[in-house]
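As the structure is a prediction and not an experimental result, all values here were calculated from the model.
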Amino acid sequence: QVQLVESGGGLVQAGGSLRLSCAASGRTLSRYAMNWFRQAPGKEREFVAGFGGSTGIPYYADSVKGRFTISRDNANTMVYLEMSSLKPEDTGVYYCAARVLATTVYDSWGQGTQVIVSS
């Protein structure tokens, strides 16, 4: 498994920006593709952004396209989610998750970081 720790959440006004970070550690990081999920109060957890396992091409949920950007460092030990033009609907706990390559299995999850967007 991969150990994941999220950080960077906070309280932001609508239209503002935040950058979330996910620190990844483990012996087999190359076997995973990193993704971001979020869960609003009373709502189901939903996919936000991630990398294609074989191509490394990022992909996004329709609700965040054009506003959020996922990126990673050269060592693939840090994953970021840059969020701009934030909306109250973006409020929730954001989780970093490691997906096993070529599968839909999410093997590891972080503890989450809270994002609150005020209107």
Side-chain angles (χ1 to χ4, degrees):
Q1 288 189 329
V2 177
Q3 291 74 51
L4 305 172
V5 180
E6 303 96 335
S7 62
L11 175 63
V12 185
Q13 290 186 351
S17 300
L18 278 176
R19 186 182 73 168
L20 305 183
S21 299
C22 173
S25 61
R27 298 177 60 193
T28 56
L29 294 180
S30 63
R31 299 180 183 178
Y32 299 90
M34 304 308 302
N35 299 262
W36 287 95
F37 285 75
R38 69 186 181 188
Q39 187 168 21
K43 302 292 182 64
E44 298 288 338
R45 185 174 298 182
E46 64 176 342
F47 171 82
V48 176
F51 291 105
S54 61
T55 65
I57 298 175
Y59 54 103
Y60 302 91
D62 289 341
S63 60
V64 306
K65 286 181 179 177
R67 300 189 298 118
F68 290 12
T69 301
I70 187 171
S71 61
R72 56 181 170 84
D73 66 358
N74 292 333
N76 206 32
T77 57
M78 293 294 296
V79 183
Y80 305 96
L81 185 68
E82 297 179 5
M83 307 183 294
S84 63
S85 301
L86 284 164
K87 306 174 181 179
E89 306 93 271
D90 296 318
T91 294
V93 178
Y94 283 69
Y95 299 90
C96 185
R99 179 177 61 81
V100 180
L101 292 178
T103 76
T104 57
V105 177
Y106 288 87
D107 197 41
S108 301
W109 294 82
Q111 292 298 112
T113 184
Q114 178 76 247
V115 173
I116 300 176
V117 183
S118 62
S119 60

Inter-residue atom distance Met34.CE - Ser108.OG, 0.5 Å rounding
8.0 Å
Work out which heavy atom in Ile70 is nearest to a heavy atom in Pro58; give both atom names and the distance.
CG2-CB, 3.5 Å
Ignoring hydrogens and angles, tell me if any N or O in the side chain of Ser84 forms a donor-acceptor pair with the backbone of Arg67 under 3.5 Å.
yes
Does Ser17 reach the side chain of Glu82, with side-chain heavy atoms less than 4.5 Å apart?
no
Could you check if a side-chain atom of Val115 sits within less than 4.5 angstrom of a side-chain atom of Met83, using non-hydrogen atoms only?
yes
Shortest non-hydrogen pair, Phe51 vs Arg99, comes out as O-NH2, 3.3 Å
Does one hydrophobic cluster hold both Trp36 and Val105, with members joined at side-chain heavy-atom distances below 4.5 Å?
yes
Side-chain heavy atoms under 4.5 angstrom apart, residues restricted to Ile, Leu, Val, Met, Phe, Trp, Tyr: same cluster for Leu86 and Ile116?
no
Over-ring placement of Arg45 relative to Phe37, 6.0 Å and 45° cut-offs
no
Linking I/L/V/M/F/W/Y whenever any side-chain heavy atoms sit under 4.5 Å apart, do Tyr80 and Trp109 land together?
no
Thr113: side-chain contact (heavy atoms from CB on, under 4.5 Å) partners, not counting sequence neighbours
Glu6, Leu20, Tyr94
Within this structure, what is the OG-CZ distance for the pair Ser7 and Arg19, rounded to the nearest 0.5 Å?
9.0 Å
Can you measure from CG (Asn35) to CG (Leu81) and round to the nearest 0.5 angstrom?
11.0 Å
Please round to the nearest 0.5 Å and tell me the distance separating atom SG of Cys22 and atom CG of Leu4.
4.5 Å
Group every Ile, Leu, Val, Met, Phe, Trp and Tyr by side-chain heavy-atom contacts under 4.5 Å, then state whether Tyr95 and Tyr59 land in the same group.
yes
Is there side-chain contact between Thr103 and Tyr32, with at least one heavy-atom pair below 4.5 Å?
no
Would Tyr106 and Phe47 count as a ring pair (Phe, Tyr, Trp, His ring centres under 6.0 Å) if you check the C-alpha gap in whole Å, the side-chain angles of each, and the deciding distance to 0.1 Å?
CA-CA 12 Å; Tyr106 288 87; Phe47 171 82; 7.8 Å; no
Could you check whether Arg31 pairs with Asp107 (Lys NZ or Arg NE/NH1/NH2 to Asp/Glu carboxylate O, under 4.0 Å)?
no
Audit row: Phe68, Leu18, side-chain contact (heavy atoms from CB on, under 4.5 Å) steps and yes/no
CA-CA 10 Å; Phe68 290 12; Leu18 278 176; over 6 Å; no
Shortest non-hydrogen contact between Gln3 and Gly26, atoms and distance:
OE1-CA, 3.9 Å
Asp62 and Lys65 ion-paired at < 4.0 Å
yes
Validation row: Thr69, Tyr60 side chains within 4.5 angstrom (heavy atoms):
yes
Rounded to the nearest 0.5 Å, what separates atom OG in Ser119 from atom NZ in Lys87?
14.0 Å
Got a second to check how far Asp90's CG is from Arg38's CZ, nearest 0.5 Å?
4.5 Å
